[in-house]
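Below: the structure, in structure tokens.
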Amino acid sequence: MKPEVLVARAVFPSVLVRLREHFEVEANEADIVWDAAELTRRLQGKAGAFTTGSERIDGALLAACPLLRAVCNMAVGYNNIDVGACTERGVLVTNTPDVLTETTADFGFALMMAAARRMAESERFLRSGAWRKWAIDMFTGSDVHGATLAILGMGRIGQAIARRGALGFGMKVIYHNRSRLDAAAEAPLNARYIDREALFREADHLVIVLPYSPASHHAVGAAELALMRPTATLTNIARGGVVDDAALALALRERRIAAAGLDVFEGEPQVHPDLLTLPNVVLTPHIASATVATRLAMADLAADNLIAALGCGPHAGRPPTPVNPAVLAGR
Ligand code: DGY
């Protein structure tokens with residue numbers, strides 16, 4: 001008998017074909033976002049779950065799904081999963097790092113440029129039919145090349161954004177992170193480690209790439225925004241909740257910072273209503289990793305993890321990207 005698994009959201013057909021070689025698969029082809037009760041019901045009897053950031057896996061769900069052995073998230077972030085509770089119950093958690101780094105960095109950089117150069121605002125203006133003449137100050141923004149790129153969270157994606165800024169646009173890179181990079185990683189980017197307050201003060205363009213955890217909740221709020229220059233931009237491609245969206249909307253409205261680019265939101269898919277009314281913010285629906293090739297690579301990696309985590313395939317017992325590998329050691 002094949003183990004049973006749940007694929008909690010729609011995925012590529014080729015991924016379902018691979019999973020069906022090893023498992024009895026219940027697939028959510030209608031792509032409904034199930035609430036906790038429905039997810040718990042669907043997970044009854046399942047040994048594995050293929051999840052995305054929209055499924056919350058917590059202690060209560062785990063208690064109600066005692067057969068569950070692996071939760072394989074198709075995302076690099078896993079703040080939707082209580083990893084501690086999973087570890088306690090011997091449930092392996094996996095994520096999808098690396099395969100999305102460059103694509104996500106491309107998007108973060110594009111969003112920063114769009115905010116700095118007022119692309120969304122000027123496009124809306126043109127489409128509205130309001131364009132009558134060229135003007136010397138029409139949609140003047142701020143330069144990206146040569147400016148100071150400030151990165152909060154210098155993991156893989158932060159470093160990929162720094163490379164684009166330093167090597168492609170001659171930007172001066174400053175960063176703040178839990179730990180400083182080693183000299184060999186800093187040198188090619190000419191990246192300068194700086195304390196948190198100075199990062200906000202010196203930023204021309206601040207890009208936030210911090211993972212979400214209770215410790216990073218509202219890491220950028222009113223106090224941090226007050227340190228920033230009125231000409232600065234802020235880009236968030238990390239997670240909703242890392243930035244206090246209400247405080248950001250107020251700073252944008254009062255032009256205490258110039259512009260923002262946001263791909264993630266507190267309580268998404270809801271967006272703070274004030275942000276929707278502001279011209280100086282570019283808003284995108286959590287698509288930083290959304291290229292066909294990258295989403296396929298993420299889904300394939302999540303499938304590889306699930307197959308190996310449940311003891312199948314060529315890497316049985318050795319999933320490529322475990323989040324809590326201690327669980328494997330205990331098996
Ligand atoms: C991730 O991989 O964490 C992205 O935000 C997609 O959910």
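Numbering of ligands and ligand atoms starts at 1, following listing order. Not measured: the values here are computed from a predicted model.
Judged purely by atom type and a 3.5 angstrom limit, R118 uses its side chain to pair as donor or acceptor with the backbone of T140.
With rounding to the nearest 0.5 Å, the separation of CD1 in I57 from OH in Y78 is 15.0 Å.
One option in M298, M74, R239, H286 has a heavy atom closer to atom 3 (O) of ligand 1 than any other, and that option is R239.
In terms of polar-atom proximity, defined here as any N/O pair under 3.5 Å, R295 makes no such contact with ligand 1.
Each of the following atoms of ligand 1 lies closer than 4.0 Å to a heavy atom of A75: 1 (C), 2 (O), 3 (O), 7 (O).
Listed by first then second residue, pairs satisfying salt bridge (Lys or Arg N to Asp or Glu O under 4.0 Å) with a partner in residues 35-47 read E26-R42, E26-K46, E38-R41, E38-R42, not counting sequence neighbours. Screening residues 145-167 for salt bridge (Lys or Arg N to Asp or Glu O under 4.0 Å) gives D98-R156, E102-R163, E102-R164, D106-R164 as the qualifying pairs, with residues at least two apart or on separate chains.
When heavy-atom distances to ligand 1 are checked against a 4.0 Å cut-off, L100 comes that close only through its side chain, counted from C-beta outward.
Among protein heavy atoms, the minimum distance from atom 2 (O) of ligand 1 is reached at V76 N, 2.7 Å.
Checked against the 6.0 Å centroid criterion, the rings of H176 and Y193 qualify as a close aromatic pair.
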